[in-house]
Amino acid sequence: MTMKIGIDRLGLYSPNYYVDLAELAVARGVDPNKFIIGIGQSEQAVPPAAEDVVTMGANAASEFIDDIDKSQLGLVILGTETGIDSSKSGAVIIQRLLDLPRHVRTYEIKQACYGGTAGLMTARDYVAAHPDRTALVIAADIARYGLASGGEVTQGAGAVAMLISANPHIMTVEDDSAFLSADIMDFWRPVYTDLALAKGKYSTEKYIEFFQQAWAEYKRNTGLDLKDFAAINCHLPYTKMGMKALKTVLPDADAADQDRLNANYALSTNYSRRIGNIYTGSLYLALLSLLENAATLTAGDRIGMFSYGSGAVGEFYSGYLQADYRDYLNGAAHKAYLDQRVKLSVADYEAMFNSKLPYAPDDVVTDAALTTGKFRLAGVKDQERQYVRL
Ligand code: COA
C-alpha cells in the first residue's frame with residue numbers, strides 16, 4: 001500500500017484592518033457593483049507597517065506549532081513573492097521566532113503566486129523520502145498594486161501555514177500533478193519597487209489558458225473527470241478569476257456535477273472575498289475557506305487544486321479529505337477573527353498603505369499598537385530588520 005502524504009495542519013493569519021471595497025469604489029468613482037459583483041471582492045485586508053511576510057507567516061504557523069512534535073521537523077519553506085531581502089530568506093527568521101530546532105533545512109521559494117505550491121510539492125517529496133519527518137510550508141504575501149491603480153481592488157495581505165506529514169489529518173496531496181511553465185510577462189515586480197506591474201487582461205487570459213492545459217493533461221494522465229471531484233479550488237487573485245477558468249470546462253459535466261462544483265466553488269471564495277489576494281497563499285486560503293464552510297463534504301472526497309503563478313507556472317493536483325479532518329480545522333476562530341477586524345476609512349487605508357517601510361537605509365520604528373499577532377516587525381536599525389515576539 002502506498003503511503004499517504006499531505007496536509008496535517010493548517011493555520012491562517014491576516015492583518016486586523018480592512019477597507020470596504022464599496023467605499024473604495026465610491027472614492028475611485030467606480031460603480032461599487034463592479035468591485036463587489038464584477039471582480040467579486042467585498043473587503044480587503046490592509047497590513048500595518050509592523051507586519052510583513054515574516055510576521056504573518058510566523059503568526060499563521062503559531063496556530064498549531066506548539067501542538068506538534070517539533071523534533072520531527074526537517075524542512076521549513078517560505079513561499080513568497082514579497083521577500084524582505086534579496087539574499088537572506090525570511091524562513092530563517094521564522095525558524096527563530098517559532099523556536100524551531102536548529103537541525104532543519106530552511107529556505108525561501110519564489111515563483112509569483114505558485115511559490116506555496118512549489119514549497120508544498122517539495123515538502124511532499126521530502127516526506128516521501130523521509131516518512132518519519134515533517135515539513136512546515138508557509139505561503140505569505142502582501143499584494144500591492146498602488147493607490148488608484150487598475151489592480152488596487154485585487155490587493156490583500158495574509159499567510160497560510162501548512163504542516164506536511166505522512167498519514168496527514170486533513171487532506172492527502174496525491175502524486176498526480178499535471179503542470180506546465182512558460183516565460184511570459186503577464187505580472188511581475190521589478191526589484192526597485194514593491195508595487196506589482198500587471199497586464200490585467202493578458203494575465204487573466206493566461207491564467208485560463210494554463211488552467212485548460214493543466215486540466216487537459218491531468219485528465220489524460222489520470223483518466224479522471226469533473227464527476228470525480230467533490231470540489232475544485234483555484235488560485236484566487238480575485239474571486240471571479242477561478243470561476244472564469246472553471247466555466248470553460250464545466251459544460252462538459254452533467255447538471256448535478258456542475259451544481260456541486262459551483263456551490264463548493266462559492267464556499268471556497270468566502271475568505272478571499274474578505275481578505276483579498278494573498279498571492280502564494282490564495283489557493284490555500286480557498287482550501288481553508290472550503291473546508292471550514294462546506295457542510296456537505298465528507299472524508300474520502302476528492303478535492304481538485306489549481307495553482308497559477310504568473311510568469312508563469314500552472315499546476316493541477318488533487319487530494320482526499322481524511323477521516324477526522326474537521327477536528328483539525330479552526331473555522332469558528334477564523335470567522336470570529338475576520339468579523340472583529342477594524343474597518344478603515346479610505347483615507348486611513350491610504351495612510352496605512354503609505355506607511356510601509358521605505359526602500360531606504362533609514363532607521364524606522366513602527367507603531368506597535370497596530371499589530372495583533374504574536375510577532376511584530378518593531379522597525380529597522382542599522383539596516384537590520386528588528387523582529388520581536390509579543
Ligand atoms: N456591475 C457588475 N459588474 C461590472 C460592473 C458593474 N457596474 N462594471 C464592470 N463589471 C464587470 C465587467 O463586466 C467584468 O466582468 P467579466 O470579467 O466577467 O467580463 C468585471 O467587472 C471586471 O471589469 P473590467 O473592466 O474587465 O475590469 P478592469 O479592466 O478594471 O480589470 C483586473 C480587472 C482584475 C484585470 C484588474 O483589477 C487587474 O489588473 N488586477 C491585477 C492582475 C490580476 O489579478 N490578474 C489575474 C490573473 S493572475
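Remember, it's 1-based here, ligands and their atoms both numbered in the order they're listed. Computation of the quantities below employed the complete heavy-atom set of this structure, encompassing side-chain atoms and omitting hydrogens, waters and symmetry-equivalent molecules.
For atom 14 (C) of ligand 1, no protein heavy-atom neighbour is found at a distance under 4.0 Å. Less than 4.0 angstrom separates atom 34 (C) of ligand 1 from at least one non-hydrogen atom of the protein. Within the 4.0 Å cut-off (strictly below), a protein heavy atom is located near atom 6 (C) of ligand 1.
The protein non-hydrogen atom at the shortest distance from atom 4 (C) of ligand 1 is Lys34 CA, 3.7 Å. Nearest protein neighbour of atom 48 (S) of ligand 1, counting heavy atoms only, is Ser310 OG, 3.9 Å. What sits closest to atom 21 (O) of ligand 1 on the protein, heavy atoms only, is Gly38 CA, 3.1 Å. Scanning all protein heavy atoms for the shortest distance to atom 31 (O) of ligand 1 gives Lys201 NZ, 3.9 Å.
With a heavy-atom cut-off of 4.0 Å, Lys206 does not touch ligand 1 at all. Looking at Pro237 against ligand 1, only its side chain comes within 4.0 Å, counting heavy atoms. If you look at Phe187 next to ligand 1, there are no close heavy atoms at all, none under 4.0 Å. With a heavy-atom cut-off of 4.0 Å, Glu152 does not touch ligand 1 at all.
Of the candidates Val30, Ile39, Asn33, it is Asn33 that places a heavy atom closest to atom 1 (N) of ligand 1. Of the candidates Pro32, Gly150, Gly200, the one placing a heavy atom closest to atom 36 (C) of ligand 1 is Gly150. Of the listed residues (Thr154, Ile208, Asp186), the one carrying the non-hydrogen atom nearest atom 41 (C) of ligand 1 is Thr154.
A donor atom on one side chain and an acceptor atom on the other are not found under 3.5 Å apart for Asp8 and Tyr328.
Clustering ILVMFWY residues whenever any of their side-chain heavy atoms sit less than 4.5 angstrom apart, transitively, puts Met171 in a cluster other than the one holding Tyr265.
Of all atoms in ligand 1, listed by their number and element, those nearer than 4.0 Å to a heavy atom of Lys240 are 18 (O). For ligand 1, the atoms sitting less than 4.0 Å from at least one non-hydrogen atom of Asp31 are 7 (N), numbered in the order shown with element in parentheses. Of all atoms in ligand 1, numbered sequentially from 1 with element shown, those under 4.0 Å from a heavy atom of Tyr238 are 34 (C), 44 (O), 46 (C). Residue Lys244 approaches ligand 1 through these ligand atoms, each under 4.0 Å from one of its heavy atoms: 16 (P), 17 (O), 18 (O), 19 (O). Within ligand 1, the atoms closer than 4.0 Å to a non-hydrogen atom of Ser203 are 42 (C), 43 (C), 45 (N), 46 (C), 47 (C), numbered from 1 in the order shown.
For Glu292 and Lys335, the salt-bridge test fails: no basic side-chain N is under 4.0 Å from an acidic carboxylate O. A salt bridge is absent between Arg385 and Asp85: the closest approach of a Lys/Arg side-chain nitrogen to an acidic carboxylate oxygen does not fall below 4.0 angstrom. Using a cutoff of 4.0 Å between basic side-chain nitrogens and carboxylate oxygens, Asp367 and Arg376 are not scored as salt-bridged. A salt bridge between Glu217 and Arg220 is present, with a side-chain N of the basic residue lying under 4.0 Å from a carboxylate O of the acidic one.
Taking 4.5 Å as the limit, some side-chain heavy atom of Leu283 sits within range of a side-chain heavy atom of Met305.
The aromatic ring centres of Phe316 and Phe229 sit less than 6.0 Å apart. Between Phe306 and Tyr207, the distance from one ring center to the other falls under 6.0 angstrom.
Partner of Phe187 under the ring pair (Phe, Tyr, Trp, His ring centres under 6.0 Å) criterion, chosen from Tyr202, Tyr308, Tyr279: Tyr279. Each of Arg28, Gln44, Arg144 was evaluated against Glu152; a single residue qualifies, Arg28, per the side-chain hydrogen bond (donor to acceptor under 3.5 Å, both in side chains) test.
For the pair Lys356 and Tyr359, the distance from NZ or CZ to the six-membered ring centre is under 6.0 Å and the angle to the ring normal is within 45 degrees.
Not one N or O of Thr204 is nearer than 3.5 Å to an N or O of ligand 1, by distance alone.
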